[in-house]
Amino acid sequence: MTADLFSEQIESKIALAAGAYWLRGFALPEADALCHQLLQHFETHPPQQMMTPMGYKMSVQTTSFGECGWVGTKNGYGYAPKNRLTNRSWPPIPEPFLDLARRAADQAGYSHFTPDTCLINVYAIGSKMGLHQDKDEVDFSQPIVSVSLGLPATFQFGGLSRSDLVTKIPLSHGDVVVWGAASRLCLHGVLPLKAGIHPLLGHRRINLTFRKAGKM
């Protein structure tokens with residue numbers, strides 16, 4: 001089953017489930033500056049297609065900031081202290097990114113958020129992300145903060161079971177979604193990215209996902 005949240009809604013903070021919120025336009029004031037910094041990051045830590053445990057390449061390309069970065073291989077998913085493509089440590093999460101993540105978490109009711117990793121997913125036209133749970137972390141006590149940049153996308157947010165209702169959320173440049181507590185392990189995903197062009201990112205959408213991975 002699915003439910004839709006229509007773009008006519010004007011609230012800036014929309015509850016999706018217990019402990020989960022859509023913060024419309026929350027990152028807009030700094031969104032363009034974030035895009036410029038991301039493009040610089042890609043020069044030294046280029047996004048790459050990770051592998052699934054089944055041996056297939058993922059639809060999106062990824063890179064990271066932080067004490068560790070998320071990686072996917074045919075041996076499974078997890079975190080690594082170095083970029084396996086360059087054999088270099090991931091750069092620290094830039095302070096403007098950290099500040100945004102903390103303020104968004106606080107707006108959603110999660111004070112003192114301390115992310116140690118920022119996964120950067122790059123979507124090309126047609127790229128998607130199937131429904132999944134973020135469960136590769138050691139620490140589930142802190143929320144997920146997800147920031148959308150570039151082309152609009154339809155984000156899917158479900159429950160703890162695949163039979164639960166799935167809400168379709170039309171995310172735009174600068175939107176943020178935060179979920180934690182009872183919703184921390186809710187299924188979520190992204191429908192195939194539709195064709196379009198963004199002034200700064202071109203035919204792409206970039207998603208920043210801030211997490212507390214914990215000691216790996």
Side-chain angles (χ1 to χ4, degrees), residues 3-38 41 64-67 70 92-121 123 129 132-135 137 139-160 165-190 198 200-201 205-214:
D4 294 285
L5 291 178
F6 299 101
S7 58
E8 291 90 339
Q9 291 177 298
I10 60 174
E11 296 91 342
S12 59
K13 179 180 177 181
I14 301 171
L16 303 176
Y21 297 93
W22 173 20
L23 308 179
R24 299 186 66 196
F26 188 87
L28 267 179
E30 54 264 77
D32 288 358
L34 298 180
C35 289
H36 287 299
Q37 196 158 358
L38 284 168
H41 173 68
S64 292
F65 288 121
E67 297 175 16
W70 187 89
I93 303 174
E95 190 56 40
F97 289 66
L98 274 176
D99 179 66
L100 171 62
R102 289 167 177 158
R103 287 189 291 107
D106 187 67
Q107 182 72 11
Y110 300 99
S111 58
H112 309 298
F113 180 43
T114 55
D116 55 15
T117 185
C118 174
L119 169 63
I120 305 164
N121 283 326
Y123 291 76
M129 183 73 69
H132 66 283
Q133 296 170 303
D134 290 345
K135 57 182 181 180
E137 299 73 38
D139 188 349
F140 291 161
S141 67
Q142 298 202 46
I144 303 292
V145 174
S146 175
V147 181
S148 290
L149 301 170
L151 290 178
T154 301
F155 180 65
Q156 299 189 98
F157 193 81
L160 300 176
L165 183 74
V166 175
T167 301
K168 293 181 179 179
I169 307 162
L171 296 181
S172 298
H173 181 65
D175 283 358
V176 180
V177 180
V178 182
W179 65 95
S183 294
R184 174 59 179 77
L185 291 175
C186 281
L187 291 155
H188 55 283
V190 177
H198 184 268
L200 292 178
L201 299 180
R205 171 186 184 252
I206 295 179
N207 175 243
L208 310 175
T209 304
F210 297 89
R211 303 167 176 161
K212 178 68 173 180

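The basis for the numbers below is simple: all heavy atoms, side chains too, and nothing from hydrogens, waters or symmetry mates. Predicted model only: the values in this text are computed from it and were never measured.
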Open item on the list: Could you check whether any side-chain heavy atom of Trp22 comes within less than 4.5 Å of a side-chain heavy atom of Pro170, counting everything from C-beta outward?
Closed with: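 Touching, per the 4.5 Å side-chain cut-off.
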
Test side-chain contact (heavy atoms from CB on, under 4.5 Å) applied to [X] - qualifying residues, sequence neighbours left out:
X      : result
Ala153 : Val190, Leu193, Arg205
Leu28  : His173
Pro94  : Gln37, Phe65, Pro96, Phe97
Ser172 : Asp175

Open item on the list: Assess the residue pair Leu160 and Cys186 against the criterion (side chain to side chain contact (heavy atoms under 4.5 Å, CB included)); give the C-alpha distance rounded to whole Å, side-chain angles, the decisive distance to 0.1 Å, and a yes or no.
Closed with: CA-CA 5 Å; Leu160 300 176; Cys186 281; 4.2 Å; yes

Mind checking side-chain hydrogen bond (donor to acceptor under 3.5 Å, both in side chains) for [X] and listing every partner two or more places apart, or none if nothing turns up?
X      : value
Trp70  : Asp136
Asp106 : none
Gln142 : Thr114

Provide the closest heavy-atom pair for [X] versus [Y] in the form atom of the first, atom of the second, distance.
X      : Y      : answer
Pro115 : Leu98  : CG-CD2, 3.6 Å
Leu149 : Ala31  : CD2-CB, 3.8 Å
Leu151 : His198 : CD2-N, 3.8 Å
Ala101 : Phe113 : O-CD2, 3.8 Å
Val145 : Ala105 : CG2-CB, 4.1 Å
Ala27  : Val176 : CB-CG2, 4.0 Å

Rounded at 0.5 Å granularity, tell me how far [atom1] in [X] sits from [atom2] in [Y].
X      : Y      : atom1 : atom2 : answer
Ile169 : Leu16  : CD1   : CG    : 4.0 Å
Lys13  : Leu23  : NZ    : CG    : 7.0 Å
Ser148 : Leu171 : OG    : CG    : 4.0 Å
Glu30  : Cys35  : CD    : SG    : 11.0 Å
Ile120 : Leu34  : CD1   : CG    : 10.5 Å
Leu201 : Leu38  : CG    : CG    : 7.5 Å

Identify all side-chain donor-acceptor contacts of residues 206-214 below 3.5 Å with residues at least two apart in sequence or on another chain.
residue, atom, partner, partner atom, Å
Asn207, OD1, Thr209, OG1, 2.9
Asn207, ND2, Ser146, OG, 2.8
Asn207, ND2, Val147, O, 3.1
Arg211, NH1, Tyr79, OH, 2.9
Arg211, NH2, Asp134, OD1, 3.1
Arg211, NH2, Asp134, OD2, 3.3

Run the ring pair (Phe, Tyr, Trp, His ring centres under 6.0 Å) test against [X] and tell me which residues pass, sequence neighbours left out.
X      : answer
Phe26  : none
His36  : none
Phe157 : Trp179

Open item on the list: Has Tyr110 got a side-chain atom pairing as donor or acceptor with Ile144's backbone, closer than 3.5 angstrom?
Closed with: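 Flag not set: sc Tyr110 to bb Ile144 has no pair under 3.5 Å.
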
- [ ] Sequence neighbours left out, what passes salt bridge (Lys or Arg N to Asp or Glu O under 4.0 Å) with Asp99? Give chain and number order.
- [x] Arg103

TODO: Output, in order, the C-alpha distance, side-chain angles, deciding distance and verdict of side chain to side chain contact (heavy atoms under 4.5 Å, CB included) for His188 and Gln156.
DONE: CA-CA 5 Å; His188 55 283; Gln156 299 189 98; over 6 Å; no

Task: Atom NE2 of His112 with >12 non-hydrogen neighbours under 6.0 angstrom - done: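 No, NE2 of His112 has 12 or fewer neighbouring heavy atoms, counting only those of other groups under 6.0 Å.
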
